[in-house]
Structures are given as structure tokens and as C-alpha cells.
Amino acid sequence: MKIIKFYPPLLLYFITLGTGFGQLSISNLMEGQLGKLPTETSKIFPSIYDRTEINYRVKGFILETTIEQYHTTSNDRNYVDLSQFSIRYKKNKWDLVIGNFYETLGRGLLLRSFEIPGALLEDIGFRSRNYFHRDILGASVKYRLKKATFQILRADVLNNVFPPTFSRSERRTDIVTAAVANVKYIKGHQAGIVLMLREQEGSTNNHYISGSVNGVIIKGLDYYSEYASDLKVNNYSFYTGIAGYKGAFSFTLEYKNYSNFILGAGINEPPALIKQQTYRVLNRSIHVSNPINEKGYQLDLFYNFKNGTTINFNHSLANNKFSGINATFTQYFFEITSSIGKNIEYKGFLDYSQDPFKGENKRYSIGLYTDIAINDKTRILPEVEYQSFNRGGNQLYNFNLLLALKITSKFSFSVLGEITNDPFIIDENNSLRIFLGNTIRYKPDFKNTFQLFFGERRGGPQCSAGVCYEILDFKGAEIRWVTRFRK
């Protein structure tokens, strides 16, 4: 077996660079794996991923750079890449940036860039790991007045499906040029307009326009509406929503209507209007919005009782039409967060959904998370989740049980067991599959966090901030070290 070569980031130069004149901050994420991955021929596959972010601020200037590297025993997957570099100047009314940056126009109907902190992508086809983000590379000029903001940008958008082993021309095929204006026309109300050109080599250029209005209807009641369309063809995207509160009660009500509105390689990300879940069985089965053809709405209700108890009800619906066939996703979700005495906190949920996109009918989910204080330093955190559904006439289930021990804020240990009889997951010769994983987390100070995983982890969809990605099954050991430096 070949020895993995790992090149630590050359940070000495940046640490000594002008530390007496500005503020320097450095963060580093390193993750090493030794284990079995899907489709790998070898039983043990070693790898090391590292990402270093450097931020330097002085007199209105912000310099940022990111170095990514991945090393395995397979040379075609390895890389050392200066994946991001930018210079930003912010002073008074001006905000100028050149290089890699993040920008979302409106609510993302035309353009949305993002970063999912700590998440790593690994496509089963390319098998090279990289950070999960979608930035844009180019330049932006923004000018702010008391009642108006104007912006011009031109940049190419990262297609993060392709890892850094691919060239820039392969990873950044969409070039956008946009002019943005937002004006406060009445007290408490604002209107915005975006003109955007999308260019792609070998493809017809597309011209888009979007208009938005938002503001306060009455105290405690806000609204936002945005409509975007292609100027040459009848493709459009419409989103509107209201949010309000009265005392201990709050709500949001949103509506979407998307028609053939995936731009280029997917540079936009209209609001999904689906409850974002942290519970494992629900997060894994979140409906992924399809802007090609989707209508729907979401209602979210909260109520806070005087004793600290909070209840949340959510209902969402998404309808798609394909070749004259209607497919409708529906979900009803209820959650309660409360405590028993001073030492026990808990939250529980009930969920019912119909998901024709996954072929899962009458999907019921239930779960209970608890936090039990043994003393001032020690806490026990048991978690249990169960999900059942019908697919193709077969009754299937997923069951999760986690037991965690937390000693102060520095040390925690958890064991997660997952059982499923889903034929998409189990082997042909087995009636069920069991995953058993152990996680140890140690945080000696605010600068360093160490996390060790060993065992078997179930893969599948993972969703965060409205963006979903795939996690691969893993069996073996994995260690992650996150460190921060500031001077």
C-alpha cells in the first residue's frame, strides 16, 4: 500500500504577516478516515482531508484565502488547491470585492451561493472529497444610500458536483452578470429589481428579471413577495410569504409556484418551503424541491407557554406534474419542547407524510430527545426515533437509538444504533441491517475541538439550510480536528 503524503499548510508566512497592523484569524478543519467505503475494492481505504481558512483585516480591507487538500493512496483523487482568494474593501457607503465570495439575489430565485459549515462532499462517481459550498468568482461593487442600495456583479458560479481535481472551466460553466437596485419607497416598505444575464459556452445566453416587494403591514406582521422570469421564454418562479407574531404566538405562511426554473447547472435555489429537520429519520426523508415544476405552500405555527414549554406545528404541501401525472407531497409535523422539574429537558415529535417521490405512503415518524442532569457536570442524553412507511405493498421501518454522556462542555461520548429493513439499504440475503457507531468529542479549549468516530455509519440524504447532499456509508474510524487562531 502506498503511503499517503500530507502537506501541512504553510501558515508561518500568514501568521507573521502584519500581525501588528491588523487582525488575523485562521481556522483549520482536518479529517482523516481509515475504513471501508461503498464500491471500494480494498477493505481499508486511508484518506486525509484538510481545509485552512485565513482572514486578515486592516483599515477597511479584508483579505481571505482558503487552501484545500485531499490525499489518498489513489493519485487521481488527490489535490492541493488554493480554492478561494478574495480582497474586499468596505468603507462608508462602498462595498467592493474581487475574487471568491458569496452572494444571494433576493430569496435565491435567480442566484444563491452558500456554505454549509463543516460539511464535506464525496460523490460516489468521482470519489474525491471537498468542502460543501457554492461560491462565485469575480467582482462586485455595492453602493449604499440612506434609502437605496445599488450593486453590479460579474462572476462565474461554482458547480460543486465536480471536485477540485477538475479544471476551473469544468467546475465553473455559468457566468452571471447582474445589476441590482433596492429602494425604500414608503416608510417600512422596500422594492427591488434584478436584471441578470447568464452565459455559458456553447449555449444560448439567457436574460432574466426579478422584482420584489417587502415590508411591514402592521406591527407584528411582515410580508415578502418576489417574481422572476426568463425574458425570452415563459419560464418563471414566484414566491410570497407573510410572518407575524402576537404575544406568545407566531406564524409564517408561504406559497411557491415554480415553472421550468432551474438555471444552468443549478445556480439558483428558490425557497423549498419544507420544514428543515434536525431529527435523523425526518432529515433523511426531507422532500427536495424541484423548480422544474412545483407548486405548494407551508404553514408554520409556534406558541410559547409561560412555563417555558414551546409547541410547533408545521404543514407543507408540494405538487409536481410530470407528463400529465400529479405527484403531491404532504407533511404534518408536531413538536413539543419542555422540561420536567429542573433536571430533565425534553423534546418530542410526531410526523405524518405522503411521499410519492420516494414511493413511501403513510409514513409515520415519532421521536423523543431528552437531556437529564445527573449533577452540575454530568448529563445523560438518550434519543429514540421510529419511522414506518409502506412501499410497494411492503411495511418497512427505520429505528434509531442514541445514548450520549456529556461531562461538562469539554467531553462527550455517544453510541448510535440504527436498524432498518428497507430493501434499498439491506443486502439481498438479510432481513434487516444494523448500524452501530460511536462518537467521542473532546474540546479542551475554545480554540480546539477533536472528534473521533468508529463503527459503521449509515449514509443517505443530509439537508441543511434548505440544501441537500448525499453522505456515503462508512465503516471504520474517522477523526476530525477543528482549530482556530486569532491575533
Looking at [X] and [Y], would you say the former's side chain and the latter's main chain have a donor-acceptor pair under 3.5 Å?
X: Arg88; Y: Gly99; result: no
X: Gln331; Y: Ser353; result: no
X: Ser229; Y: Asn235; result: no

Assess whether a salt bridge exists between [X] and [Y], defined as any Lys/Arg side-chain N lying under 4.0 Å from an Asp/Glu carboxylate O.
X: Lys410; Y: Asp445; answer: no
X: Asp156; Y: Arg171; answer: no
X: Arg112; Y: Glu269; answer: no

Which residue pairs pass the side-chain hydrogen bond (donor to acceptor under 3.5 Å, both in side chains) test when at least one of the two sits in residues 210-219, sequence neighbours left out?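 Qualifying pairs: none.
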Can you list, pair by pair, the side-chain donor-acceptor contacts under 3.5 Å of residues 339-347, counting residues two or more places apart and other chains?
none

Hey, mind stepping through Arg129 and Asp50 against salt bridge (charged side-chain N to carboxylate O under 4.0 Å, His left out) and telling me if it holds? CA-CA 10 Å; Arg129 309 187 82 192; Asp50 187 89; over 6 Å; no
If we only count heavy atoms from C-beta on, is the [X] to [Y] side-chain gap below 4.5 Å?
X: Asn314; Y: Ser316; value: yes
X: Val183; Y: Gln190; value: no
X: Tyr239; Y: Ser225; value: no
X: Gln84; Y: Glu64; value: no
X: Asn293; Y: Asn260; value: no
X: Arg457; Y: Leu472; value: no
X: Leu29; Y: Ser27; value: no
X: Phe61; Y: Leu63; value: yes

Test of ring centre spacing under 6.0 Å for Tyr236 and Phe261: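 No.
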Got a sec, which pairs hit salt bridge (charged side-chain N to carboxylate O under 4.0 Å, His left out) with one end in [range], sequence neighbours left out?
range: residues 52-61; value: Arg51-Glu53
range: residues 225-243; value: none
range: residues 307-336; value: none
range: residues 196-214; value: Arg154-Glu199, Asp174-Arg198

Just to verify, what does Asp300 make a salt bridge (charged side-chain N to carboxylate O under 4.0 Å, His left out) with, not counting sequence neighbours?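 Result, salt bridge (charged side-chain N to carboxylate O under 4.0 Å, His left out) vs Asp300: Lys275.
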Start with the C-alpha gap between Arg484 and Ile26, add the side-chain angles, then the distance that decides, and say whether side-chain contact (heavy atoms from CB on, under 4.5 Å) holds. CA-CA 6 Å; Arg484 299 173 180 84; Ile26 301 171; over 6 Å; no
Counting only heavy atoms not in [X], do more than 12 sit closer than 6.0 Å to its [atom1] atom?
X: Asp376; atom1: CG; result: no
X: Lys295; atom1: NZ; result: no
X: Ile336; atom1: CD1; result: yes

Under the rule for ring pair (Phe, Tyr, Trp, His ring centres under 6.0 Å), what residues qualify as partners of [X], not counting sequence neighbours?
X: Phe305; value: Tyr303
X: Tyr352; value: Tyr364
X: Tyr469; value: Phe132
X: Phe329; value: His287

Anything under 3.5 Å between a donor and an acceptor, one on a side chain of residues 242-250, the other on a protein residue two or more places apart or in another chain? List them.
none

